[in-house]
J.: 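The structure follows.
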Amino acid sequence: MTAIEGVLDSGQYILGPNVSAFEDEFAQYLGIDHAIGLNSGTDALHLALRALNVGPGDEVITSTFSFIATAEAISILGARPVFVDIDPRTYAINTKALEAAITARTRAIIPVHLYGAPAPMHEIMRIANAHHLAVVEDCAQSVGASIEGRMTGTFGTISAFSFFPSKNLGACGDGGMIVTDRADLAQRVRSLRAHGGRKKYFHEEVGINSRLDEIQAAVLRVKLRYLEEWTACRRGVAAVYNEGFRGLDGIQLPTDEPRTRHVYHQYTIRAAHRDALQQRLADAGIGTAVYYPQPLHLQPAYEALGGKPGDHPHAEAAASSVLSLPISPDLDPADQDRVIGAVRDFTLTLNAA
Ligand SMILES: *Cc1c(COP(=O)(O)O)cnc(C)c1O
């Protein structure tokens, strides 16, 4: 509250001291040179590709099992999204399918750290480097996630974060960030976010208006100080779920790969009778969600690309079986016990039948 009042008193609402301080603090938190505050995670993906000069005739490979914003960023530039399947255990882009999808037109790869689980960045970077491709990490769900202590967002050429309120680091409205170690790309994004110019009323290229505002930056600066603590709490909640579901046949638990830190933006299980389980939980007053019920290659918005059922079987199977259970840093242990009990009851009754 005092942080917000400070902004209101200052009268400086756009690209002021809180935005630049937050950019510095966020870059430092990740261990990267440049951070540029933007209006949303969607804009961050879009401007990252724009800074890489992705455009008509280009192909960008991404996972078919993501939020549509990942693909929209490609389409809005006139480039073609090439959807590939996932690894059924981690939900990350399937690196074999990724390598097979590379053509002479491929310009970039967008791995998504879905649910807060780091995608296999070492392998993805190996493939990208071998084929001279740029990598844009979609870190909208993975702030704070790491591989061998190195943060997601610091492996690729340029990376996109979202501060949508429900994300692990959420603003009180929309917000996003691009991070990169490349000074040239950072400078280009700074220009693109402010109508394509570095000096007011002088424009080197056609840009957009995509700025993080001071009030959001002030809120995010305060929340960033608690992020590590909140992440530890989320991991603790996930560990309690894992223990509660141990040995339960018919439920697949999320995987926490060795030497990686999953930040559990979602705690997502898989269940054969997912819809019935979700209904049972809803009847017990337990809210759950399905991220995502339809892979991108089957969305009507992408019908023109010719995707058909059966193209990406792991993603399609995930879409019909994933269920995200309640998780937050301050989830009440008694509420969590009720969730575990309800999932166990449903599954044991089903297994007995
Ligand atoms: C939330 C999200 C986005 C978009 O972020 P916004 O800030 O809502 O625009 C992009 N990709 C993924 C995977 C997301 O979860």
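For the single chain, residues carry numbers from 1 onward in sequence order. Note that ligands are numbered from 1 as they come in the structure, with each ligand's atoms numbered from 1 the same way.
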J.: Tell me, please: is Ser66 in heavy-atom contact with ligand 1, that is, under 4.0 Å?
T.: yes
J.: Is His113 near ligand 1, meaning one of its heavy atoms is under 4.0 Å from it?
T.: no
J.: Applying salt bridge (charged side-chain N to carboxylate O under 4.0 Å, His left out) as the test, list every pair that has at least one member in residues 67-95; sequence neighbours left out.
T.: Arg89-Glu257
J.: Relative to the heavy atoms of Thr70, which atoms of ligand 1 are at a distance of less than 4.0 Å?
T.: 11 (N)
J.: Measure centre to centre between the rings of Phe26 and Phe161, then say whether the value is under 6.0 Å.
T.: yes
J.: Test of understanding: given a 4.0 Å heavy-atom threshold, classify the contact between Ser40 and ligand 1 as side chain, backbone, both, or neither.
T.: both
J.: How far is atom 12 (C) of ligand 1 from the closest protein heavy atom, and which atom is that?
T.: Ala140 CB, 3.4 Å
J.: Are the aromatic ring centres of His122 and Phe155 under 6.0 angstrom apart?
T.: yes
J.: I need the nearest protein heavy-atom contact for atom 11 (N) of ligand 1: residue, atom name and distance, please.
T.: Asp138 OD2, 2.9 Å
J.: Students should be able to answer this: which protein heavy-atom is nearest to atom 5 (O) of ligand 1, and at what distance?
T.: Ser162 OG, 3.3 Å
J.: Among all protein heavy atoms, pick out the one at the shortest distance from atom 15 (O) of ligand 1; state its residue, atom name and that distance to 0.1 Å.
T.: Gln141 NE2, 2.8 Å
J.: Considering heavy atoms of the protein only, find what lies nearest to atom 2 (C) of ligand 1 and give residue, atom and distance to 0.1 Å.
T.: Lys167 NZ, 2.6 Å
J.: For Phe164 and ligand 1, does the shortest N/O to N/O distance drop below 3.5 Å?
T.: no
J.: In the protein, which heavy atom is nearest to atom 4 (C) of ligand 1, and how far is it?
T.: Thr42 OG1, 3.6 Å
J.: Using a strict 4.0 Å cut-off to heavy atoms of Gly41, name the atoms of ligand 1 that fall inside it.
T.: 5 (O), 6 (P), 7 (O), 9 (O)
J.: Indicate yes or no: at least one non-hydrogen side-chain atom of Ile208 is less than 4.5 angstrom from one of His46.
T.: yes
